Amino acid sequence: MADDRSAPDEDRAAILRRRKFFVSSTLLSTLGSTLTACPPQKTETPGDDPAVKPTVSVPPSPPSATVMPTPTATAPGPSVDGNPELPPVDVPNDVNETARRYFEGLKSTMELVADKLDQAEAQLKKACAIDRPDCDTHWQQVASRLAEVERRRGDLHPRCGGSSDDAKRYDERMKLHMAYIEERVKRIEATIAKQLDSDDDRKRWAEQQEKAVMPRPCLKYSCSDW
C-alpha cells in the first residue's frame, strides 16, 4: 500500500477526513449501545444464555390503581359475601418445570393479593371522611393496598410466552385470576366512589393513589419456548 505522504495534498486530506469519520462513527455507535435502557425481548435460540440481566432503568407506573381490562375469561361465581370466589391455586404435578414454577408463583401471588383486597375492603367499612386530617392514614392504607395488588397483578404474566400445552394451561388459569382481581377491584372502587362527595374529595383520593404507586424495575432478558 502506498505511503500517505506520497499522495497529493488533496488525497491526503481525503484520507484524513475518512479516518476522522470512521473514529467518530465508532464512538457514536459505542455510546448508543450503552445508553439503551430496555430493548425489546428476544427469542432465545438453542445455546443462548437464558440468564436474566437487570438494568438500572426504573420506569414509573401510571398513577392509578385501576386494573386494566384483561383477556376474556369466565368470571368465578360469587361467594357467600358477594365477592367472586378465588379461582384454583393448586400446582399441577404433571406439567413441565417452567410451567410448575409459574403455577407456584401464581399461588403465592394470589394468596397475597386476596389478602390485600380483603384488607382494603375491611378498611373501607370504617367510614372516615377523606377531608379529615385524622383520616389521612386511613386512606393511605387503602391506596397502598390497592397499589400492591396492581403491582402483584403484573407478576402473573409470564416473562416469556410458551407454546406447549402446559403453557396454555397456565394461560387459562391466569385469565381466571385476572378476572377475579378485576371484579374485586371494581367493587372496592365503587365503595370508594360512594365515600367521595365532592371534586375536592376525588382530587385527594387521586393524590393518595399517586403517592402509593410502586415503580417496577425494567429487566433485560432472553426467552426460550416452554
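Since the structure is predicted, the reported quantities are computational estimates derived from the model, not experimental observations.
- Looking at every heavy atom in both residues, Y180 comes nearest to E85 through CD1-O, 3.6 Å.
- By the salt bridge (Lys or Arg N to Asp or Glu O under 4.0 Å) test, D166 pairs with no residue at all, sequence neighbours left out.
- Looking at residues two or more places apart in sequence or on another chain, you find a side-chain hydrogen bond (donor to acceptor under 3.5 Å, both in side chains) between D136 and Q140, Q208.
- Remark: the D201 side chain and the Q195 side chain contain no N/O donor-acceptor pair separated by less than 3.5 Å.
- The side-chain hydrogen bond (donor to acceptor under 3.5 Å, both in side chains) check on D199 picks up R202, with sequence neighbours excluded.
- A search for salt bridge (Lys or Arg N to Asp or Glu O under 4.0 Å) contacts involving D171 returns K175, not counting sequence neighbours.
- Among pairs with a residue in residues 113-155, those fulfilling ring pair (Phe, Tyr, Trp, His ring centres under 6.0 Å) read W139-W205, at least two apart in sequence or across chains.
- Residue pairs satisfying the disulfide (SG to SG under 2.5 Å) criterion with at least one member in residues 85-131, sequence neighbours excluded, are listed as follows: C128-C135.
- Under the side-chain hydrogen bond (donor to acceptor under 3.5 Å, both in side chains) criterion, S163 pairs with D225, sequence neighbours left out.
- Under the ring pair (Phe, Tyr, Trp, His ring centres under 6.0 Å) criterion, the residue pairs touching residues 93-112 are Y102-Y170, Y102-W226, F103-Y170, with sequence neighbours excluded.
- Under the rule for a salt bridge (Lys or Arg N to Asp or Glu O under 4.0 Å), R145 has no partner lying at least two apart in sequence or in another chain.
- Applying the disulfide (SG to SG under 2.5 Å) test to every pair with at least one member in residues 166-208, sequence neighbours left out, gives no pairs at all.
- Take R101 and apply the side-chain hydrogen bond (donor to acceptor under 3.5 Å, both in side chains) test, not counting sequence neighbours, and it matches no residue.
- Annotation: salt bridge (Lys or Arg N to Asp or Glu O under 4.0 Å) contacts of K168 (sequence neighbours excluded): none.
- The minimum heavy-atom distance between V89 and H177, with the atom names listed, is CG1-CE1, 3.6 Å.
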